[in-house]
Amino acid sequence: MEFGHTKIKKHRLTVGGCDCKALAEQFGTPLYVFDVEYAESIAKAYVEVLKREYPDFTVCYASKAFCCTGIYEILAPLGLGADVVSGGELYTALLGGMSADKIYFHGNNKTGKEIKYAIESGVGCFVVDSPRELDLISRYAKNPQNVMVRVNPGVEAHTHRFIQTTLVDSKFGFSISDGSAEQIIKSIAEYKNLHFCGIACHIGSQIFEKQPFEIAIDKTTDFIVKLNSLGIDVERLDLGGGFGIKYADGDMPLTPEAYMSNTAKYLKKTVKEKGIAAPRLIVEPGRSIVGEAGVTLYTVGAIKTIENVKTYAAVDGGMFDNPRVALYDARYTAVVADKADEQAAAKYSIAGKCCESGDVLIDGIDLPALESGDVIAVMSTGAYHYSMASNYNRNAVPPVVAVKNGKACYMVKPQTYEDIVRNDSKLDF
Ligand code: LLP
């Protein structure tokens, strides 16, 4: 099984040169492990392809996939910018060393407080998603503030329904087809301290094909032709993120190189054919940079066999560290950390420890015979895991340990029970 940079050495799973069973012993479980070199290699691949194929570009890491200061320490030096969608992500990105001018602020309902904070921080560009937002940005902007407009090109990417964002009934963006995108863009000229610099779209997530991106390019460039005919320049085109990764057998994503070079070449060809000025290309990969860099380690506790039905192996994590199964029916695969390539002996359902029947991380996986105390590694958990974790049932959010060249250190420290109650307040009527 090939996932990110995990390797199997003498039956033992290693990541970033560290033995997973040993990491579990040293740091405890549940534990998120993050392979720094893997994330770096994907980020560099995007940058290298674009340097070659489309030199006017910015790769903005989509913070929502995995947000903590360490990720910006890794990605900012590689020249990446960041997409943020909240004041909290912005604060984290700045603290992690991301320069404000390389930050794009997205979101369908940015609050006035967030907009003020972003302007005071010198954020590079807002991706506007409502007319109200223009008023708010204009209220706080001193110098002309760059704004892009989120458009809905109406492309349907083949992913889970809940993850699609560009269906006609999407809460995101202004539709190109019904004229609302054109209308809001025209209205920007009325704000003297706003500068319209381009359009943005995001057609979905965990996409395995090239075609949806090509269709998005067709539709957005048609729209650019239209805007140009109205005398409106479009300096930047943001195609969002969405490149898929491998979670389990049967997932066959393209490499980041393949996605990116196809997108870049297709855009180059299309702008030439349509006779429009080549816009700066912004891409916002999130999952594909960090997803396969992550592995979650759990310790098996209770094992419960229901005769002729199934055997549950319960682990010390669950939907509080991985809500994706309950939310999206996401599929995962796992190995036993020190029996990683051993023959399977039985089928298990890997259950979480939350008080919900639906808290099952993998419903049926063939594994070597499990015993309490075994460490299980669930693969491809670097994206939308830590960032979507909660304290449900007052479980602590697991720490994140970064691994590189056989060394390991905290990227996010463990939460204590004190941390969990830190903001609980004594009633004082
Ligand atoms: N740019 C925009 C405007 C987005 O809305 C998103 C993701 C991205 C970039 C990054 O997309 P990526 O490259 O990561 O696919 N929680 C869900 C995923 C939601 C994605 C929302 N937007 C999950 O766990 O699958």
Side-chain angles (χ1 to χ4, degrees), residues 39 42-43 45-46 58-67 71 75 80-86 89 93 103-110 125-129 148-153 155 157-167 170-174 198-209 212-213 216 220 236-248 251 253-256 259-260 263 281-294 296 319 321-332 361 378 380-390:
I42 304 290
Y46 281 127
T58 309
V59 177
C60 281
Y61 166 66
S63 300
K64 70 203 79 165
F66 175 44
C67 187
I71 193 64
L75 298 178
L80 273 74
D83 137 10
V84 302
V85 295
S86 70
E89 284 188 352
I103 297 180
Y104 284 67
F105 200 140
H106 288 254
N108 69 309
N109 189 25
K110 304 168 193 72
C125 190
F126 284 91
V127 180
V128 170
D129 210 326
M148 300 180 82
V149 167
R150 168 88 179 246
V151 302
N152 181 347
V155 182
H158 294 271
T159 57
H160 193 287
R161 188 170 57 89
F162 296 133
I163 310 178
Q164 283 171 5
T165 49
T166 44
L167 296 175
S170 173
K171 72 170 182 174
F172 294 107
F174 296 89
I199 56 175
C201 69
H202 171 75
I203 56 168
S205 208
Q206 184 60 358
I207 299 170
F208 283 3
E209 303 97 4
F213 296 104
T220 49
R236 303 182 200 181
L237 173 62
D238 179 344
L239 292 173
F243 310 121
I245 64 163
K246 178 171 174 172
Y247 283 101
D251 289 344
L254 298 169
T255 60
Y259 283 122
M260 209 62 271
T263 296
L281 172 62
I282 321 290
V283 287
E284 297 168 343
R287 189 191 315 266
S288 53
I289 293 181
V290 293
E292 287 190 47
T296 307
M319 63 194 296
D321 65 79
N322 177 4
R324 298 191 68 257
V325 183
L327 278 173
Y328 316 121
D329 294 327
R331 292 177 317 119
Y332 289 88
L361 293 176
V378 175
S380 294
T381 61
Y384 304 108
H385 278 239
Y386 173 73
S387 63
M388 292 176 75
S390 74

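Indexing begins at 1, ligand by ligand and atom by atom, following the structure's order. As the structure is a computational prediction, the values presented were derived from the model and not from experiment. All heavy atoms count here, side chains included; hydrogens, waters and symmetry mates do not.
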What do you reckon, does [X] have a nitrogen or oxygen under 3.5 Å from a nitrogen or oxygen of ligand 1?
X      : result
Ser205 : yes
Pro285 : no
Met388 : no
His106 : no
Arg287 : yes

Could you tell me whether [X] approaches ligand 1 through its side chain, its backbone, both or neither, with non-hydrogen atoms closer than 4.0 Å?
X      : value
Phe172 : neither
Asp83  : side chain
Glu284 : both

For [X] and [Y], which heavy atoms make the closest approach, and how far apart are they?
X      : Y      : value
Thr220 : Val151 : CG2-CG2, 4.3 Å
Ser380 : Glu292 : OG-CG, 3.5 Å
Ile289 : Ile42  : CA-CG2, 3.9 Å
Ala248 : Arg331 : CB-NH1, 3.9 Å

For this session: Applying ring pair (Phe, Tyr, Trp, His ring centres under 6.0 Å), run through Phe243 and Tyr46 and close with a yes or a no.
Result: CA-CA 11 Å; Phe243 310 121; Tyr46 281 127; 5.7 Å; yes
I need the atoms of ligand 1 closer than 4.0 Å to a non-hydrogen atom of [X], numbered in the order shown.
X      : result
Arg150 : 3 (C)
Ala62  : 8 (C), 9 (C), 10 (C)
Gly286 : 12 (P), 13 (O), 14 (O)

Problem set entry | Electrostatic pair Asp83-Lys64, nearest N-O below 4.0 angstrom |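 Yes, Asp83 and Lys64 are salt-bridged.
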Exercise. Is there side-chain contact between Met260 and Val59, with heavy atoms separated by less than 4.5 Å?
Worked result: no
Exercise. Any side-chain heavy-atom pair from His106 and Asp238 closer than 4.5 angstrom?
Worked result: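 Side-chain contact under 4.5 Å: yes.
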Exercise. Between CZ of Phe66 and CD1 of Ile71, what distance do you get to the nearest 0.5 Å?
Worked result: 5.5 Å
Exercise. Does some non-hydrogen atom of Ala65 fall short of 4.0 Å from ligand 1?
Worked result: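 No heavy atom of Ala65 comes that close to ligand 1.
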Exercise. Between Tyr328, Tyr104, Phe243, which one has a non-hydrogen atom sitting closest to atom 17 (C) of ligand 1?
Worked result: Tyr328
